[in-house]
Amino acid sequence: MTVPDTASTTHARLLIVGPQGSGKGTQGIVVADAFGIPQVATGDIFRANVSGGTPLGKRVQAIIEAGDLVPDELTSELVRDRLGQPDAAAGFLLDGYPRNRGQVADLDAFLAGRGEALDAVIELAVPRAESIARLTQRAIEQGRTDDTEEVISNRLAIYERETAPILDGYRARGLVVRIDGVGTLAQVTERIFAALAVRGMVPAHPGAA
Ligand code: ADP
C-alpha cells in the first residue's frame, strides 16, 4: 500500500548556516526535534572528543582553541560516519558543516552516492555587531575556551571569508531560505517554520517546536 504524501514531510535533509552567535545551535535543535531528525553539529562532536580525551580530540584540540578549521579530510570523514548511522537515514540537520567549498564538494559527493540531495539550507542572518555582542555574553556565561576576544574574531573572519561564500552556491541551486536572526528565540523559530512550510516542508512533530 502506498502512503499518500500528505502535509507532513517524509524526509528532511537540512543545513543551518550562520555566523558564530547567530543562534543556529539553539534553532537547529528545535527544527531537528520537530522533524524527528538528528542534529549533527560538528563543533559539538569535536568538543565532546576533546573533553573525552579521545585520539581525535587530541588531534583537534589546538586547532579548535585557535579558532581555526579542522582539516576537511578529517571533518568530512567524521560527518560521513555520522550520516551513515541509521537515525540519519530519513534526514538530518547539519550545523557547522559544510564550512567551506571543499566540504560542500565532499557533502555533495557523499549524498549523490546515496541518491540523496539537500532539501533546504537555512541561512540565519545576524549583523556582525549583534553576533559579537552575543558571543561576548556567552563567553561570560559558559566560558568556552574558544570564546576569547581574539579567537572569536578569528572565527568570524573565517566565517566571512570561507563560509558565507558557500551560500551563493546554494542560492544558485535554489536551496536557501534566508531568515532574519534578530528577535526572540520563539520569533526566529516561527520564521524558520514559516519559510520551510512555503517550500512544502511541514514537520511531522510540530509539538516538539
Ligand atoms: P562556532 O561556529 O561558534 O565557531 P562550532 O561549535 O560550530 O562553533 O565550532 C567550533 C570549532 O570546531 C571551530 O572553530 C573549528 O575549529 C571546529 N569545527 C567545527 N565544524 C567544523 C568544520 N565543518 N570544519 C572544520 N572545523 C570545524
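All ligand and atom numbering here is 1-based and tracks the order in the structure. Since this is a predicted model, take the numbers as computed values, not measurements.
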Asp147/Arg155 salt bridge by N-O under 4.0 Å criterion
yes

Just wondering, more than 12 heavy atoms not from Arg144 lying within 6.0 Å of its CZ?
yes

What is the nearest protein non-hydrogen atom to atom 27 (C) of ligand 1, stated with its residue, atom name and distance?
Phe46 CE1, 3.8 Å

Just how far is it from atom CZ of Phe35 to atom NE2 of His11, taken to the nearest 0.5 Å?
11.0 Å

Around atom 26 (N) of ligand 1, find the nearest protein heavy atom and jot down its residue, atom name and distance.
Val70 N, 3.0 Å

Within the 4.0 Å heavy-atom shell around Thr42, which atoms of ligand 1 are there?
19 (C), 20 (N), 21 (C), 23 (N)

Calculate, to the nearest 0.5 Å, the distance between atoms CD1 and CG belonging to Ile122 and Leu14 respectively.
5.0 Å

As a check for students: among Arg99, Arg138, Arg155, identify the option with a heavy atom nearest to atom 5 (P) of ligand 1.
Arg99

Any atoms of ligand 1 less than 4.0 Å from a non-hydrogen atom of Thr75? List them with their elements.
22 (C), 23 (N), 24 (N), 25 (C)

May I ask you to identify the nearest protein heavy atom to atom 24 (N) of ligand 1, giving residue, atom name and distance to one decimal place in Å?
Gln103 NE2, 2.9 Å

Of all protein heavy atoms, the one nearest atom 16 (O) of ligand 1 is Asp68 O, 2.5 Å

Name the closest protein heavy atom to atom 8 (O) of ligand 1, giving the residue it belongs to and the distance to 0.1 Å.
Arg144 NH2, 3.2 Å

In terms of side-chain geometry, is the basic nitrogen of Glu77 or Arg80 positioned less than 4.0 Å from the acidic oxygen of its partner?
yes

Nearest-option assignment for atom 10 (C) of ligand 1, heavy atoms, candidates Gln20, Arg47, Lys24
Arg47

Atoms in ligand 1 with a heavy atom of Tyr97 nearer than 4.0 Å
23 (N)

Hey, which of Val121, Leu118, Leu107 is the one that makes side-chain contact (heavy atoms from CB on, under 4.5 Å) with Leu94?
Leu107

Residue Arg171 excluded, over 12 heavy atoms near CZ under 6.0 Å
yes

Quick one: nearest non-hydrogen protein atom to atom 23 (N) of ligand 1, plus distance?
Gly96 O, 2.8 Å

Side chain proximity check, Asp146 to Asn154, heavy atoms < 4.5 angstrom:
no

